[in-house]
Amino acid sequence: MNKKTKLRVGVLGATGMVGQNYVRLLDDHPWFQISYLAASPRSSGKTYAQAVSGRWLVEGEIPKNAAKIMVNSVEDVEAAAKACDFVFSAFNLKKEAVRKLETQYAQLLPVVSNNSAHRFSEDIPLILPEVNPQHLKIIPVQQRNHGWDKGFIIVKPNCSIQSFLPPVFALIAAGYPVKSLVVTTLQAVSGAGFPGLAALGMIDNVIPFIEGEDEKSEREPLKILGSIQNNSFIDLDSLVLSVSCNRVPVSHGHLASVSLKFRDNKPTIQEINDIWESFEGVPQSLDLPSAPHPPLVVRTEIDRPQPVKDRDAGNGMAISVGRLRECPLFDIRFSALSHNLVRGAAGGAILSAELLKAKGYL
């Protein structure tokens, strides 16, 4: 696919931390070309370079092509529709305002959202590409329900579940249903955005509370692992999760400590490692541009994975799993790590958009 046939993409909320990562990751993307950037009214009318001057937060320089683009107001839906084939949504407003504005965009063009506003809508898929790509089949139902022609909405899951759900799904897909999970997450400060948490609140400290995070982490996997029945999503009812989310003084990388109980048969430790090492999802079989190969990186060292050493595995898109051992209370326990700003945010949504393109929805 050459530049003339690349899809034109807009980034809504382009000046925030997640938006900046979109701009970075989409630079020279083989399928997508940034044609439009939008943010709050205070950034409207500035070039992107001017809008993020003094607060460019991600690695590297501002991409040259994006730097020259004039930033529009995120509320100017018609301007985006004229300039884009689809948009990534990462703007920060109250949930009801996000829901309303994303719906306005979806009347005109596809929306791939990082926001939580539509995660539990009955006809909007919550996509983790290696786990539930089949949920994209509800898009025509969604369009009929709302009277939309070309537009639709899909949503990326919460960053807290990106590390532990793929390795759990790999076991389920291999024929080992899971009955229950107890998960403790250790989440990086960049997950709070910028300026985020005060330094004096995080240095030499752990905060055992992230608003709404426990609830999202317990509920979202049930929709992702669920099914489509009668044109709406039905949550998986055979799995129970107990999740405790903590903010820790790490820059990037969400680590999850997991205890797992199987429903029926229990694989051996070696069988689990073999399942993880051989696991591939649809993004890998389609060789999508952002798909990590392999999606699960198995670490056998006794002290891995670690954020500093492992968050960039697979260009930040792979999940590192390790410390696999038997559990005296459940069956097994392990640790899993993902990069919260790449796999857990912009990169995961870009992979979902690539899946949409490969499946003919874009």
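Side-chain atoms of Gln187 and Asn340 form no donor-acceptor pair, as typed in the model, at a separation below 3.5 Å. Defined by atom type and a distance below 3.5 Å, a donor-acceptor pair is missing between the side-chain atoms of Gln270 and Thr268. When only modelled atom types and interatomic distance are considered, Thr185 and Ser160 share no side-chain donor-acceptor pair under 3.5 Å. Judged by distance alone, the side chains of Asn315 and His339 never bring a donor and an acceptor atom under 3.5 Å apart.
Nearest heavy-atom pair across Val98 and Ala117 is CG1-CB, 3.7 Å. Closest approach of Lys266 and Tyr176 over heavy atoms only: C-CE2, 4.3 Å. Here the closest non-hydrogen pair linking Gly19 and Ala90 is N-CB, 4.5 Å. Smallest separation of non-hydrogen atoms from Gly151 and Trp148: O-CB, 3.5 Å. Heavy atoms only, all atoms of each residue included: Ile319 and Ser338 are closest at CG1-CB, 4.2 Å. Phe91 and Asn115 make their closest contact through O-OD1, 3.1 Å (heavy atoms, listed as atom of the first residue, atom of the second, distance).
With values rounded to the nearest 0.5 angstrom, Ile138 atom CD1 is found 4.5 Å from Ile228 atom CD1. Rounding to the nearest 0.5 angstrom, the gap separating the CG atom in Leu260 from the CG atom in Leu329 is 12.0 Å. Here the CG atom belonging to Leu26 is positioned 9.5 Å from the NZ atom belonging to Lys6, to the nearest 0.5 angstrom. For the atom pair Leu165 CG and Leu128 CG, the distance stands at 6.0 Å (nearest 0.5 Å). In this structure, His254 NE2 and Leu186 CG are separated by 10.5 Å, a value rounded to the nearest 0.5 Å. In this structure, Asn273 CG and Thr300 OG1 are separated by 8.0 Å, a value rounded to the nearest 0.5 Å.
Within the 4.5 Å cutoff, no side-chain heavy atoms of Arg219 are placed close to those of Arg119. A 4.5 Å side-chain heavy-atom check between Gln162 and Pro157 finds at least one atom pair inside the cut-off. Using a 4.5 Å heavy-atom threshold, the side chains of Ile124 and Gln142 count as touching. The shortest side-chain heavy-atom distance between Ile332 and Phe262 falls under the 4.5 Å cut-off. Contact annotation: the side chain of Val282 never approaches that of Pro129 to less than 4.5 Å [non-hydrogen atoms, C-beta and beyond]. At a threshold of 4.5 Å between non-hydrogen side-chain atoms, the residues Ile207 and Asn205 count as touching. Residues Met317 and Val342 are in side-chain contact: their nearest non-hydrogen atoms beyond the backbone lie under 4.5 Å apart. For the pair Lys216/Ser116, a side-chain contact is recorded, criterion being any heavy-atom separation below 4.5 Å from C-beta on.
Remark: the backbone N or O of Ala14 is paired with a side-chain donor or acceptor of Tyr48 at under 3.5 angstrom. Between the side chain of Gln20 and the main chain of Thr15, a donor-acceptor pair closer than 3.5 Å is present. Formation of a donor-acceptor pair under 3.5 Å by the Lys68 side chain with backbone atoms of Thr47 is not found in this model. Looking only at distances, no side-chain donor or acceptor of Glu213 sits under 3.5 Å from a matching main-chain atom of Cys245. Side-chain N or O atoms of Arg304 include none that pairs as donor or acceptor with a backbone N or O of Val321 at under 3.5 Å. A side-chain donor-acceptor contact under 3.5 Å links Lys223 to the backbone of Ser121. In this structure, the side chain of Trp276 engages the main chain of Pro167 through a donor-acceptor pair within 3.5 Å. Using a distance-only test at 3.5 Å, with no hydrogens or angles considered, no donor-acceptor pair links the side chain of Glu277 to the main chain of Asp274. The backbone N or O of Val23 lies less than 3.5 Å from no partner atom in the side chain of Asp27, so there is not a single donor-acceptor pair.
In this structure, Phe169 and Phe279 have perpendicular ring planes: the angle between them is above 60°, well past the 30° mark. The aromatic rings of Phe88 and Phe86 lie perpendicular to each other, with more than 60° between the two planes, well past the 30° mark. Relative orientation of the Phe32 and His29 rings is parallel, given thresholds of 30° and 60° on the angle between their planes.
The only option from Lys357, Lys150, Arg8 that meets the salt bridge (charged side-chain N to carboxylate O under 4.0 Å, His left out) definition with Asp85 turns out to be Arg8.
The residues Arg299 and Glu301 are annotated as salt-bridged, a charged nitrogen and a carboxylate oxygen being separated by less than 4.0 angstrom.
In this structure, Gln306 places its CD atom where more than 12 heavy-atom neighbours from other residues, nucleotides or ligands lie under 6.0 Å away.
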